[in-house]
Structures are given as structure tokens and as C-alpha cells.
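Each ligand, and each atom within it, is numbered from 1 in the order the structure gives.
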Amino acid sequence: MKKVLAIYPGSFDPVTNGHLDLIERGAKIFDRLIVSILRNFEKEPLFTLDERIEMLREVTSPWPNVEVDVFSGLLVEYARLREANVILRGIRAVSDYEYELQMAMMNRRLKPDVETVFMLPAAAYSFLSSHLVREIAQLGGPMTGLVPAAVEQRLRAKVL
Ligand code: PNS
């Protein structure tokens, strides 16, 4: 039977419990899942690429079929190189849909044989984003339940 290899792309600056929830769901239904960090030269991230790789490796270690990788350039070109047949994306609320639809349709136009699969994170994470987590950390707010403990520690150290 054909194996399904999915890519879960994103900035993961930093990985949140919402991302982790999606990774857990994806790891259950795909044979392999590659969580891939975009190397974005335009954005100034809070965490370096190496820090984001380390954090993702640490928090995804319970799933043997999950791999952490980095990509740059076109996502569909990276999917071709990795021989992936699925792009996994999470939709938290209707507000995510328009941007995600646009990306999925453009990716389909660029590479019709790669299917975008949308999954819904747990309702408890429907308001959660890396952007808000960074802001709460920078303003000294509580982060319990928003990010894994290891990420919380690193966030605290980063904004000290
Ligand atoms: O988690 P994010 O930051 O919203 O992820 C956005 C990401 C990485 C999925 C998107 O920016 C992307 O795929 N970038 C790669 C460049 C590309 O392929 N652009 C065309 C997309 S239609």
C-alpha cells in the first residue's frame, strides 16, 4: 500500500501546544510526518533556526514517525525533493481560512499532485499563536498551558 508522507511547514517561533496538538493528530494518520521550519531571510525571529530545531526535536521525540527538518524556497519544491504527497496545515478559526485557502490553491496550481490536508487543533488552542506567546513572554505574563515546559523555560531565558 502507498505510504503517506506529510510535511507540516511553519515558522514555529516558537512551537506552541497548538502546533503540538496538530503534530500528534498528524502522526496518527500519516505514515511519516516531517515538521519543517521555513528558513525565512526576511523575518527577524525571536529564536534562531538552531534553537527552533532543538525545541521541536525535543517536543516531538515521543513520536518515532515524526522528523524535524528545515526548508527554504518554494514549499512545493521542497515537497518534491522529500517525495511528500501531503502538506498539513492547521485551521484554528474561520479567520485562518482565507489565507490558508489561497496558499493551498496556489500550491495546488504549482504542484497538483501534492494535497493540502487541513486539520483542526483542540478547541482549547483555537486562539493560540506563536505571535501572542512571544508577546505574553515579552510582557512577563503566564504561559502555562500555552507552550511545552521546555519552551516556556527558553522563552523566559530569552526575554530576561
Ligand atoms: O506558520 P506560518 O508562518 O504561517 O507558515 C507559512 C509557510 C511556511 C507555510 C509559508 O510561508 C510557506 O509555505 N512559505 C514557503 C514559500 C512558498 O512556498 N510560498 C508560496 C506559498 S503559496
* Nearest neighbour in protein (non-hydrogen) for atom 22 (S) of ligand 1 -> N107 OD1, 3.5 Å

* Numbering as shown, the atoms of ligand 1 that approach L74 to under 4.0 Å (heavy-atom distance) -> 17 (C), 18 (O)

* Quick one: look up the protein heavy atom nearest atom 16 (C) of ligand 1 and list residue, atom name and how far away it is. => G73 O, 3.4 Å

* To do: Could you walk me through whether R89 and D96 pass salt bridge (charged side-chain N to carboxylate O under 4.0 Å, His left out), step by step?
  => CA-CA 10 Å; R89 291 288 288 172; D96 281 340; over 6 Å; no

* Has ligand 1 got any nitrogen or oxygen that is less than 3.5 angstrom from a nitrogen or oxygen of K43? -> no

* **Where ligand 1 meets S11 - atom numbers and elements under 4.0 angstrom, heavy-atom basis** => 1 (O), 2 (P), 3 (O)

* M106: numbered ligand 1 atoms lying under 4.0 Å from its heavy atoms -> 22 (S)

* **Region of F12 engaging ligand 1 - heavy atom pairs below 4.0 Å** => neither

* **Joint cluster assignment, V68 & V70, ILVMFWY side-chain distance < 4.5 Å** => yes

* atom 18 (O) of ligand 1: nearest protein contact (heavy atom, Å) -> L75 N, 2.8 Å

* Structure fact -> In terms of heavy-atom contacts, R92 and P121 come closest through CG-CG, 3.9 Å

* **Y97 atom OH, neighbour heavy-atom count above 12 within 6.0 Å** => no

* Structure fact -> min-distance protein heavy atom vs atom 10 (C) of ligand 1 -> M103 SD, 3.9 Å

* Asked: Looking only at heavy atoms of Y78, does any of them come nearer than 4.0 Å to an atom of ligand 1?
  -> no

* N85 side chain to L5 main-chain N or O, any donor-acceptor pair under 3.5 Å? -> yes

* To do: Apply the test side-chain contact (heavy atoms from CB on, under 4.5 Å) to residues V114 and V86: give CA-CA distance (whole Å), side-chain angles for both, the deciding distance (0.1 Å), then the verdict.
  => CA-CA 5 Å; V114 173; V86 165; 5.9 Å; no

* To do: Considering only non-hydrogen protein atoms, determine which one is nearest to atom 5 (O) of ligand 1 and report residue, atom name and distance to 0.1 Å.
  => R89 NH1, 3.3 Å

* For residues T16 and Y125, is any side-chain donor paired with an opposing acceptor at under 3.5 Å? -> no

* Asked: Do other residues, nucleotides or ligands put more than 12 heavy atoms under 6.0 Å from the CZ atom of R82?
  -> yes

* Asked: At what distance is the nearest protein heavy atom to atom 11 (O) of ligand 1, and which residue and atom is it?
  -> L38 CD2, 4.0 Å

